[in-house]
Amino acid sequence: MDTTSGDARFDRYYRRIQLGLRLLSHGARAQTACDWSGLTPDRLITLKRRWLPDAGDGFRGPAPTSFQPFFRSSVRLSHATVFISIHQALCQRSMSHAKSWDLQPGLENGERLCTAYEIFREWEPTADMEFDQAALLARGAASSEDIELFRCLHCQSAMLIDKWARRREVCSGCRGRRSASP
Ligand SMILES: [Zn+2]
């Protein structure tokens, strides 16, 4: 009997359950929790009843698909930049340093996404960013089709840019300092 592969399968199964619970505890939409954990909706409902009886329902309705809300407020933009920076730092520790990649839902990617979201929540506990928005940001920045993390040419701070809008070369902080200087 091959106990090693049996252990590995059990390990992945156990990790899927843990990931499913983490996703549910972050209020991920049901479909999002299924996609990233690989668990069925029935399995997730059972897990939630058993282990998270007091957790509220996750967000309902369609998952967010637009990046525009992040660019309409400087606070949201700053939070989005922090989240993507954390996520990319975690990815670079475990992946090749490819400039862009396709972030598909799956166990390892889901675990990293949850870890990034948990670190972000520690950092910005009052931020208005639900898990599905974080997932959207992570995938958007990974593909770098619509958004990209860029470095301010002046101070090197990370800044998130909308690739469809007029390109900004310096961050809002440096722009403010420039216009304030005599
Ligand atoms: Zn700057």
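For ligands, and for the atoms within them, numbers begin at 1 and follow the listed sequence.
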Worksheet item: Is there a side-chain contact between Glu130 and His26, using heavy atoms and a 4.5 Å cut-off?
Response: no

List, one per line, each side-chain donor-acceptor pair under 3.5 Å for residues 150-158, sequence neighbours excluded.
unit_1	atom_1	unit_2	atom_2	d
Arg151	NH1	Gln156	O	2.7
Gln156	NE2	Cys152	O	3.4

Item to complete: Anything under 30° is parallel, anything over 60° is perpendicular, the rest tilted; go ahead and classify Phe10 against Tyr14.
Response: parallel

Worksheet item: Looking at Met129 and Leu137, what are the two nearest heavy atoms and their distance?
Response: CE-CD1, 3.8 Å

Discussion item. Looking at every non-hydrogen atom in both residues, tell me the closest pair between Leu136 and Ser66 and how far apart they are.
Written reply: CD2-O, 3.6 Å

Practice prompt. Could you check Arg22 against Glu111 for salt bridge (Lys or Arg N to Asp or Glu O under 4.0 Å), going step by step and ending with a plain yes or no?
Written response: CA-CA 9 Å; Arg22 281 167 92 183; Glu111 287 173 337; 5.4 Å; no

Worksheet item: Among protein atoms, how many N/O/S atoms lie less than 2.8 Å from the Zn ion (ligand 1)?
Response: 4

